[in-house]
Protein chains: 2
Amino acid sequence: MNEDAVFHALADASRRELLDRLHRRGGQTLGALCEGLAMSRQAVTKHLAILEAANLVATERRGREKLHHLNPVPIHAIAERWIAKFQRPQLDALADLKRTLEGEEHDRPE
Amino acid sequence: MNEDAVFHALADASRRELLDRLHRRGGQTLGALCEGLAMSRQAVTKHLAILEAANLVATERRGREKLHHLNPVPIHAIAERWIAKFQRPQLDALADLKRTLEGEEHDRPE
DNA sequence: GCATTATGCAACCACAAGGTTGCATGTCAA
DNA sequence: TTGACATGCAACCTTGTGGTTGCATAATGC
């Protein structure tokens with residue numbers, strides 16, 4: 001799995017919205033995903049292609065329709081492999097930051 | 001905290017590298033963070049500004065130096081508020097996806 | 001067959017993003 | 001004070017990104 005592709009795919013609010021929709025209801029067609037969005041069908045197609053390239057969305061052909069499914073595995077992998085690294089020593093880092101910020105010439109209370 | 005700013009900040013590999021460096025050692029100056037990077041000082045400055053705007057990096061003035069500290073809170077918030085949503089029903093979604101993909105006209109074993 | 005429907009492909013456009021260079025500002029130390 | 005050092009600011013350039021429109025292709029139903 002390509003970490004950069006996943007982060008890049010998650011960086012856009014429209015794509016996160018699409019993931020939300022697929023999270024609520026899987027197996028939606030392109031047309032269904034377009035409904036209610038202030039965006040052309042082709043724009044949605046591009047977003048889905050990016051999500052697909054990042055392996056965040058799996059597709060399935062059903063005749064002339066293309067059904068989309070959310071694939072939570074890369075998100076899980078990101079959380080496990082990358083975010084956890086910053087979470088684990090969170091309290092230590094916070095304490096350290098606090099110590100640093102308060103221990104120095106910290107006069108203005110803001 | 002601005003979810004979009006955090007995701008956007010995390011989308012760039014150079015910025016994730018900077019976070020990694022600050023994770024390894026906090027309180028580094030701009031000059032220290034530039035060492036070994038194939039990028040001008042000004043490029044790093046811009047990246048740090050984006051990380052700062054997303055509240056992922058906290059800074060502290062020390063005379064003519066500017067010390068940078070990692071702030072893991074927004075990353076933690078993202079993991080809690082956004083990623084957990086996709087992780088929780090992960091097994092369900094995976095099972096559902098598997099069922100869908102295998103239950104239909106799925107002939108090629110690949 | 002043939003019109004309709006669902007999606008794919010390609011060209012195009014505006015703008016933001018990452019990067020650079022050049023110079024200004026501010027701080028330290030002798 | 002003055003030179004050196006650390007950072008800030010601004011203009012500029014190139015590429016990538018999100019978006020559009022127009023047309024092509026493929027499946028469905030009558």
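Quantities reported herein were computed from a predicted structural model and do not represent experimental measurements. Below, chains carry the letters A, B, ... as their sequence lines are ordered, and counting in each starts from 1.
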The side-chain hydrogen bond (donor to acceptor under 3.5 Å, both in side chains) partners of B:N2 (sequence neighbours excluded) come to none
Identify, between B:L30 and A:A38, the residue whose nearest nucleotide on DNA chain D lies closer to the 5' end. B:L30
A:A11: which residues meet the side chain to side chain contact (heavy atoms under 4.5 Å, CB included) condition with it, sequence neighbours left out? B:A11
Applying side-chain hydrogen bond (donor to acceptor under 3.5 Å, both in side chains), name anything that partners B:N55, two or more places apart in sequence or on another chain. none
Produce a footprint string for nucleotides 25-30 of chain D: one letter per nucleotide, 5' end first; B if the base is under 4.0 Å from any protein heavy atom, S if only the sugar-phosphate is, - if neither. --BS--
What's the CG-C1' distance between B:L37 and C:dT20, to the nearest Å? 16 Å
List the residues meeting side chain to side chain contact (heavy atoms under 4.5 Å, CB included) with B:H8, not counting sequence neighbours, and say none if there are none. B:R15, B:I50
Could you tell me whether B:E35 and B:R21 make a salt bridge, using a distance below 4.0 angstrom between a side-chain N and a carboxylate O? no
In whole angstroms, the gap separating P of D:dT17 from CZ of A:F7 amounts to 17 Å
Ring centres of A:F86 and B:H76 under 6.0 Å apart? no
For B:E35 and D:dT7, give me the distance from atom CD to atom P, rounded to whole Å. 11 Å
Can you name the atoms? Protein N/O to nucleotides 13-16 of chain D N/O, anything below 3.5 Å, with the distance.
none

According to side chain to side chain contact (heavy atoms under 4.5 Å, CB included), who are the partners of A:R64, at least two apart in sequence or on a separate chain? none
So if I take residues 39-52 of chain A and measure heavy-atom distances to DNA chain D, which residues fall below 4.0 Å? A:M39, A:S40, A:Q42, A:A43, A:K46, A:H47, A:I50
Separation of A:L10 atom CG from D:dT17 atom P, in whole Å? 15 Å
Please enumerate all residues that pass side chain to side chain contact (heavy atoms under 4.5 Å, CB included) together with A:A43, with sequence neighbours excluded. A:M39, A:S40
How many whole angstroms separate atom CZ of A:R15 from atom C1' of D:dG19? 12 Å
With sequence neighbours excluded, what pairs up with A:R25 under the side-chain hydrogen bond (donor to acceptor under 3.5 Å, both in side chains) test? A:Q28
Which residues pass the side-chain hydrogen bond (donor to acceptor under 3.5 Å, both in side chains) test with B:R81, not counting sequence neighbours? B:E3
For B:K46, enumerate each residue passing the salt bridge (Lys or Arg N to Asp or Glu O under 4.0 Å) test, keeping only those at least two apart in sequence or located in another chain. none
What's the CG-C1' distance between A:D4 and C:dG18, to the nearest Å? 14 Å
